[in-house]
Every structure is written in C-alpha cells, then in structure tokens.
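So the structure is just underneath, and the comments pick up after that.
First listed ligand is number 1; within each ligand, the first listed atom is number 1.
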Amino acid sequence: MEKFRFLTSGESHGKCLTAIIEGVPAGVSIDTDFINSELKRRQQGYGRGGRMQIENDTVEITSGVRFGKTIGSPITLVVKNKDFENWQKIMSVSPDDSTDDKSFSVYRPGHADYAGSVKYNQTDLRNILERSSARKTAIEVAVGAVAKLLLKELNIEGKSEVLQIGKACCPDKFHQEIDTTKENGDSVGGKFVVVYKNLPIGLGSYVHWDRGIDGRLAQAVMSIPGIKVVEIGDNPLGFCGSEYHDEFALHDCKIERQTNHAGGIEGGITNGQDLVVSAVMKPIPTMLKPLKSVDLKTNEEAQAHYERSDVCAVESCSVVAESRIAWVLANEILLKYGGDCIEELKHNYFK
Ligand code: EPS
C-alpha cells in the first residue's frame, strides 16, 4: 500500500533527472537549501570519479510548492546534468543525430550490460548504461530529502556511517584502501549503517507478507545500484536465542531494553527502538583493470569496456540509503496516521 508515490526519469548523460511525487500533505515546509545540502552530501566521499567534478547538483522545484510550503498537489523536482553540455549529440532525441560515438559492445561483468541488452534487445550497451547508472540516485536523494522534511516535522531524523571499505574496518584506513585500489586499476565496495531515531511503535504489520516494514526497507535498500546484502539489526547467524533477543525490563513502570539486536523491528513492526539498517555494496563493475568478457557485435572474447567511473561510492550510497529509508518511513507514517495537511497529520501523530 502506498500513500506516497513517486516516479523518476532521466539518463546519466541526458538533459536532466526528474521526479514527480504524489501524496505529501499540504503545509510541509520545503527548505530548498536542505535538499541541496543532501544532494551535495551524495556527491561527496573519497573515491568518486571525474564526473563529480563536473556536476554541482541542485534541485529546481517546478510544482507543488508555494511560498516554501507544499500545497497538496504533485511536487515536481528537476536536477540538471551539467555534463549534458558535452553529450548533447550523443544523447540526442533526434534520429538525425544518430552516431556510434560513445557506443560500446563489450559487456562489463557485474554490470546490467549483459542481461539488460538481452532483455531490451539493444546492441549499443550505451542504451543500458544510461539508465542503469547510479546517476539516477541524485533525483532519488532529492525525493528522499522531501520525505526527510516531512519526518523532521515529527522530530524523526536519521544518519548513516561507513563501517568498512574493502578489507579496512577502521575509518583512518579507508582512504589508503581506496588509494591502493585505484593504483591497482581496481574498484572496492564496503558496508554502511543507517540509524533512524524516535520512531513510533507500530509502523508496518505482520498480517500480510507485503506489509512488514522490514521487507519494505529491504526492498528499498537492496534496489540501490550495487547493493548485495541488507541487514536489519545484528546479523543473527551463530547467536543462541538467549543471546540474540532483546529482553524487557521495567524502569519507573516503563518498558526498557538494554540491547537492540533486532534493529528496532519485531514481527515486521517498529518496536520503538532505534531502526538500524546496514547494507553491503559490491565493488563497482567498471574497472581500469579489465575482466574477461565477450563482444556482442563480433561474438568474440574481449576485454571488458572501461570508461570514466568511480573507484568507490560507498559513502554516497549510504546517503542514498538514508533517503530511501526516509521514504519508506514517511509512507508508513502516512498509512498509520493519515492526514491531507500537516496540521491533521501532527494532530493524529502527537495526540
Ligand atoms: C556511473 C558512472 C560514473 C559515475 C556515475 C555512475 O559517471 P560517468 O560515466 O559520467 O563518469 O560518476 O555516478 C554519477 C554520475 C552520480 O551522480 O552518482 C555508472 O555507470 O553507474
């Protein structure tokens, strides 16, 4: 069930990225500077490639907001691709501009190239790269920032932290790990955690398989490009029940817990503890050190395609995950508490 809906469009080197959001109550304060600061956070992180020197992502809001507040109508967000200036002919809509420049036909193992080209019957892998690119997460972060602004009205905030890059588990080793990887012409992934505090008890449900908030969060985070593992709370593998489950105690007649192995969800429902979601991002499949592959045009073995890319994007990915989680939480809050305007939502929420 969705209260909030959004669709995005846009290719990595196309003119712009666009989102239309429906379902945000009227009266939510929209701070454009905040959205832009989230976009900036996503662009940062050690190990990003040359593209991030070109882009300076900022949002343009073209509908749904008036004098700094939502008015209940669909909100349209646009983030321009500055790099489009260099790609106008290559990404042209017109058949008259058709060119092989920047087309490629050797699959990158681990990328969407192979399965995407078979699925969509494309021989120019550029047509797969452009939308499968993580560039689209820029507009998703803008959408997530709107969800975060709604959550802020209810005093709910989240943050993320990188836990591991490659084999390095200690933050002061992260840069060195990325530098070494880059020198080797390779790429590297890692692990991050997102924590949201001050959530109400009762978001999600156990009554149907698709109502569990853990499942919804897992889907939202797993579908970020490059994510291969999502965990809620501590990985229970190897724990006994008596070690893993979070015992209840009474303190001044209030229920308290000393541990939060469950990560804030029991039975597919938020339980009032901090929500803890962690995820593992695989190494980016575009590498200077090419892997063995096949050229779909010649049907001969070849070295995988390389073009400008990132060595590591784990920090950016953690910002994207914060946004996706904000979206899921905002949707669940609207499902539970309802409200066509912020006053109605706050009345229902705080009563
Ligand atoms: C990406 C390739 C790189 C990344 C890009 C994702 O872009 P380019 O091919 O233009 O150098 O920088 O990420 C972004 C553009 C971004 O905004 O995050 C890919 O192929 O997935």
Taking the six-membered ring for Trp, are His305 and Phe104 parallel (under 30°), tilted (30 to 60°) or perpendicular (over 60°)?
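Taking Phe104 first and then His305, their aromatic rings lie parallel (interplane angle under 30°).
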
Please work out whether the ring planes of Phe4 and Trp327 are parallel, tilted or perpendicular, with thresholds of 30° and 60°.
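Taking Trp327 first and then Phe4, their aromatic rings lie parallel (interplane angle under 30°).
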
Please report the closest heavy-atom contact between Arg126 and Ser103, naming both atoms and the distance.
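Here Arg126 and Ser103 meet closest at CB-CA, 4.4 Å.
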
Which residue and atom name correspond to the protein heavy atom nearest [atom], and how close is it?
atom: atom 2 (C) of ligand 1; answer: Ser309 OG, 4.2 Å
atom: atom 14 (C) of ligand 1; answer: Met52 CE, 3.6 Å
atom: atom 15 (C) of ligand 1; answer: Arg135 CD, 3.3 Å
atom: atom 13 (O) of ligand 1; answer: Arg48 NH2, 3.5 Å

Checking side-chain contact (heavy atoms from CB on, under 4.5 Å) for the pair Arg216/Asn331: CA distance, chi angles, key distance, verdict?
CA-CA 10 Å; Arg216 288 179 159 236; Asn331 183 58; 3.4 Å; yes

Test of understanding: given a 4.0 Å heavy-atom threshold, classify the contact between Ser133 and ligand 1 as side chain, backbone, both, or neither.
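The answer is both.
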
Does any N or O of ligand 1 fall below 3.5 Å from an N or O anywhere on [X], backbone included?
X: Arg308; value: yes
X: Ala134; value: yes
X: Thr286; value: no

Within one Ile-Leu-Val-Met-Phe-Trp-Tyr cluster: Val143 and Ile20, side-chain cutoff 4.5 Å:
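Cluster IDs for Val143 and Ile20 differ.
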
Check ligand 1 against Asp310 and write out every atom of the ligand that is under 4.0 Å from a heavy-atom position of the residue.
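What qualifies from ligand 1 is 4 (C), 12 (O).
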
Does a donor on one side chain and an acceptor on the other come within less than 3.5 Å for Asp33 and Asn36?
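The answer is no; no qualifying pair exists.
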
Over 12 foreign heavy atoms within 6.0 Å of CG, Leu250:
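Buried by this count: over 12 neighbours within 6.0 Å.
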
With side-chain contact (heavy atoms from CB on, under 4.5 Å) as the criterion, how do Ile284 and Val311 come out once you've worked through the C-alpha distance, each side chain's angles and the decisive distance to 0.1 Å?
CA-CA 7 Å; Ile284 285 167; Val311 174; over 6 Å; no

His13 near ligand 1 by a heavy-atom separation under 4.0 Å
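Yes, His13 has heavy atoms under 4.0 Å from ligand 1.
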
Please state which option from Arg51, Gln43, Arg42, Glu55 has its nearest heavy atom closest to atom 16 (C) of ligand 1.
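When every heavy atom of Arg51, Gln43, Arg42, Glu55 is considered, Arg42 comes closest to atom 16 (C) of ligand 1.
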
